[in-house]
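Sequence lines set the chain letters: A, B, ... in the order given, protein chains first and strands last, and positions in each chain run from 1.
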Amino acid sequence: MFGAVRRFGTAHALRAVVPRSTHVRWTPQLFKWQPSSTLSPGLVRSFQTFPALREATAAAAAEAEAETGVKETSEQEIITEFADLQTSGLISPSLIRNITHPSRMGLKTMTDVQSQTINQMLQGVDVLAQAKTGTGKTLAFLIPTMQNILNDPTFVQTRKTGRGRTGASCADIRALIISPTRELAEQIAAEAMKVAANTGLIVQTAVGGTQKSFGLKKMQREGCHLLVGTPGRLKDIFSDPRSGVAAPGLNTLILDEADRLLDDGFSQEIRELQDLFPDPYKVDRQTLMLSATVPREVMRMVDRTMKPDYKFVKTIREDEAPTHMRVPQKAVFMQGYENILPTILDLAKEYKARQSEDPSLRPFKAIIYANATSEVSLYSSVFEELRVSPEDRRRPLGRMAMIEIHSRLTQAGRTAAANNFRRATEAILFSSDVTARGMDFPDVTHVLQVGVPRDRVTYVHRLGRTARANKTGEGWIFLTEGERQHYHKLLNGIPIEEDRTSFPVASYDMTEGLSGEPDSSLAQATRAMAMLPPATRETAWKSQFGTLIPTHGDRRACVAAMNRNAVHGYCLPEPPAISARVAQNLGISRVRDLNVEGPRRNFDDDRRPRSGFGRDSNRGGFGRDSGRGFSRNSDRGSDRGSDRGRRPGGFNDRSPRGRYNNFVDRDSGFGGRSREFKPTRRSTFDDDF
DNA sequence: AAAAAAG
């Protein structure tokens with residue numbers, strides 16, 4: 001019913017907004033794309049580096065031209081300015097004023113996603129929008145969603161009545177926005193509040209890590225029309241009948257970062273959440289999904305929950321070419337992980353020095369991504385140590401702000417970190433993947449990634465934190481030789497150039513000792529590391545181990561590399577001992593140089609002989625000589641009695657490959673009898689991801 | 001031992 005009203009209200013002006021470039025219509029039954037307009041010349045130009053995609057789009061354009069006989073829509077028919085949305089009667093003056101007024105958001109021209117989807121979304125049709133990171137997706141769904149609420153005759157504009165009261169109810173939520181991270185929810189809510197200012201629309205946030213009762217009281221007091229939140233807390237609130245919060249007339253459901261929300265970890269929760277909303281057959285509900293990639297999970301959810309006449313809008317334009325095809329990216333293969341902090345420090349120092357000479361360079365504002373929270377925290381502490389050090393010569397980056405963000409901080413700490421980095425002109429943010437998606441930090445000049453990210457999409461999203469809003473940026477990834485294969489496989493096709501020359505510190509062999517120069521990055525980073533509590537360093541080392549094993553081809557080499565890193569990077573007297581159980585879970589319990597704590601668990605089952613294997617066979621690798629040459633120990637180690645099981649004549653020594661495979665299967669769970677086989681999923685429409 | 005997200 002509401003949908004009908006909305007459609008009627010805006011129908012007259014719909015033709016005014018004409019999609020500018022590819023507007024692809026998805027027909028679920030046919031599984032076929034039907035391009036409804038042709039491509040701009042700029043679009044084709046942007047694919048010069050991407051032959052396959054170029055051919056595909058050119059073919060689509062030709063097909064569309066043959067069908068319609070129209071070559072290119074004239075520019076005049078396209079609404080690209082926010083102001084024109086008002087003059088055409090599509091969007092209310094108050095919303096447009098909030099967006100365009102210099103003292104407000106100060107925006108003038110719409111991005112491609114905006115000009116292509118606002119129209120569709122205003123009609124009340126379901127939309128699946130695919131657009132690259134940093135192209136203004138948030139505003140694209142906020143504007144029509146709010147306008148649709150305002151258009152609704154049952155929406156009663158409310159007014160402030162003092163003491164924060166508005167007279168609005170929290171039991172009549174009209175729109176719900178779901179985000180995969182708390183900070184992204186907060187960011188969306190902040191933007192929504194700017195757009196909604198003085199319209200009577202009330203925006204609230206519901207995320208975990210905050211006091212539930214506090215948020216509820218606020219909603220009860222102020223009311224709520226548009227709620228932004230994370231899945232867990234939203235589910236909590238809507239399944240609690242005493243919360244007083246309800247959405248019996250929910251008209252719009254938005255899944256931001258839909259691919260993430262519908263992947264393994266989240267999909268169940270999203271489905272349960274959807275069950276808490278009114279039946280869409282009784283209350284007309286529009287579903288909007290926004291995503292940079294459209295994998296199968298998303299299509300499955302689209303088929304299940306969206307109206308059959310939904311639109312699939314895909315935007316590609318020259319100035320919105322995917323970040324990872326546009327931004328210069330370099331890979332540095334380091335001597336070992338012990339070189340990481342000196343290398344990053346060198347990069348920052350070098351840029352800062354250049355920037356102070358060259359006013360055209362923006363201040364250093366970098367994000368450093370690591371794969372484990374404790375690693376993030378440790379790196380941050382090292383740089384903080386360099387910052388607060390009382391000795392000036394040990395303050396290589398001056399007073400540059402060092403900020404850390406990851407799930408192990410309190411929510412207040414996370415929120416503050418995100419806001420501080422947003423506002424900072426010169427700073428380093430040490431981050432886990434909490435900020436990888438959707439976060440909008442203005443003017444990030446560098447994105448640095450330590451180690452191979454967990455998947456390809458994560459790499460691209462992290463990189464997407466830089467080079468936003470027509471700014472430039474650069475991406476770096478720091479790796480070791482052991483990861484090379486995995487790196488190539490995962491990021492194949494992304495134009496990353498290997499850099500062998502920029503950072504001598506990256507290839508310095510730190511087992512040689514640190515020579516002279518106290519102001520070298522090597523010495524500075526190492527000194528700062530040594531200042532931190534050993535327990536912190538041990539924890540981080542163990543976590544890093546956990547992330548590295550799956551990305552390393554050779555587990556023995558990985559253990560050797562991490563042993564070196566423990567001593568020369570983490571400045572520990574010897575590699576921390578890992579419990580036998582953990583070692584087994586990691587699939588490295590039989591790697592000779594591993595420092596295993598306590599008695600070894602015997603992993604042989606009764607179908608196999610128990611020749612001197614297992615117990616104690618790998619201990620004693622770290623003694624007085626622990627500071628160097630762990631890999632060499634293994635060669636000597638074969639002479640020890642405790643290693644009998646590995647000597648020639650042992651049951652498995654003759655076919656090392658077979659033994660290794662057997663071992664890997666059991667310990668890692670891949671292909672083992674107790675775990676199910678999990679095939680790698682490829683995105684269905686991940687074009688350039 | 002490995003992000004995130006409900007306590």
Side-chain angles (χ1 to χ4, degrees), chain A residues 178-186 206-216 229-240 243 255-257 259-273 276 367 369-378 404-411 414 430-439 449-455 457-459 461-462 483 486 538-552 555 558-559 562 565-566 575-589 591 594-597 667-669:
Chain A
I178 311 175
S179 142
T181 65
R182 298 167 183 176
E183 287 70 27
L184 184 55
E186 283 167 346
V207 298
T210 58
Q211 228 186 328
K212 192 183 156 196
S213 60
F214 185 85
L216 285 178
T230 44
R233 180 54 61 88
L234 288 173
K235 215 180 95 193
D236 190 3
I237 289 178
F238 282 102
S239 58
D240 177 3
S243 70
L255 303 190
D256 196 14
E257 305 288 347
D259 58 334
R260 174 72 187 89
L261 285 177
L262 299 176
D263 78 13
D264 283 344
F266 268 129
S267 59
Q268 174 68 16
E269 211 152 26
I270 297 293
R271 246 172 288 147
E272 287 168 17
L273 190 56
L276 298 167
I367 307 182
Y369 285 104
N371 292 326
T373 51
S374 48
E375 212 187 326
V376 169
S377 188
L378 186 83
E404 70 179 291
I405 189 164
H406 49 77
S407 65
R408 287 210 207 159
L409 302 179
T410 63
Q411 191 48 44
R414 285 169 58 167
F430 296 85
S431 180
S432 70
D433 285 323
V434 251
T435 68
R437 281 171 177 265
M439 293 303 292
Q449 310 197 28
V450 182
V452 185
R454 51 183 34 77
D455 50 47
V457 173
T458 299
Y459 174 88
H461 278 284
R462 286 171 169 184
E483 293 158 295
H486 190 246
E538 281 189 25
T539 313
W541 182 86
K542 287 179 183 172
S543 307
Q544 192 183 7
F545 219 143
T547 70
L548 281 179
I549 289 288
T551 68
H552 260 74
R555 282 160 200 231
C558 182
V559 169
M562 278 305 280
N565 189 16
I578 282 185
S579 80
R581 220 177 73 86
V582 167
Q584 184 162 5
N585 290 340
L586 283 172
I588 50 175
S589 32
V591 176
L594 188 70
N595 188 8
V596 178
E597 158 189 284
D667 278 1
S668 67

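A/Thr230 places no side-chain N or O within donor-acceptor distance of the main-chain N or O of A/Gly232, the cut-off being under 3.5 Å.
Under 4.0 angstrom from either OP1 or OP2 of B/dA6 there lies at least one side-chain N or O belonging to A/Arg182. Note on A/Ser432: a side-chain N or O is less than 4.0 Å away from OP1 or OP2 of B/dA4. Under 4.0 angstrom from either OP1 or OP2 of B/dA6 there lies at least one side-chain N or O belonging to A/Thr230. The side chain of A/Ser543 contributes an N or O atom lying less than 4.0 Å from OP1 or OP2 of B/dA2.
Atom pair A/His461:NE2 and B/dA3:C1' shows a separation of 13 Å (rounding to whole Å applied). A/Leu262 places its CG atom 17 Å from the P atom of B/dA5, with the value rounded to the nearest Å. Between A/Asp264 atom CG and B/dA2 atom C1' the separation is 15 Å, expressed in whole Å. The CG atom of A/Asp256 sits 16 Å away from the C1' atom of B/dA5 (whole-angstrom rounding). Note: CG (A/Leu216) to P (B/dG7) measures 12 Å, nearest angstrom. For A/Glu183 and B/dA4, the CD to P distance is 9 Å, given to the nearest whole Å. If you take CZ of A/Arg233 and C1' of B/dA5, they are 11 Å apart, rounded to a whole angstrom. We find that CD1 of A/Ile367 is positioned 18 Å from P of B/dA3, with the value rounded to whole Å.
One can find a donor-acceptor pair under 3.5 Å joining the base of B/dA3 and the side-chain atoms of A/Arg260.
The shortest distance between side-chain heavy atoms of A/Cys558 and A/Ile549 falls below 4.5 Å. Between A/Arg414 and A/Ser407, the closest side-chain pair of non-hydrogen atoms falls below 4.5 Å.
At a threshold of 4.0 angstrom between heavy atoms, the contacts of A/Arg408 are confined to the sugar-phosphate backbone, with no base atom among them. Looking at heavy-atom distances under 4.0 Å, A/Thr373 makes contact with sugar-phosphate atoms alone, never a base. Using a 4.0 Å heavy-atom distance criterion, A/Lys235 is classed as a base contact. Note on A/Arg462: nothing from the nucleic acid sits closer than 4.0 angstrom, heavy atoms only.
The side chain of A/Leu586 has B/dA1 as its nearest neighbour among B/dA2, B/dA4, B/dA1. Of the listed nucleotides (B/dA1, B/dA2, B/dA3), B/dA2 has the atom at the smallest distance from the side chain of A/Thr547. Distance from the side chain of A/Arg454 is smallest to B/dA3 among B/dA6, B/dA3, B/dA4.
Screening A/Leu261, A/Ile178, A/Leu273 against A/Phe266 for a side-chain contact (heavy atoms from CB on, under 4.5 Å) leaves a single residue, A/Leu261.
Side-chain contact check for A/Gln584 and A/Ser589: no donor-acceptor pair (N or O, by modelled atom type) lies under 3.5 Å.
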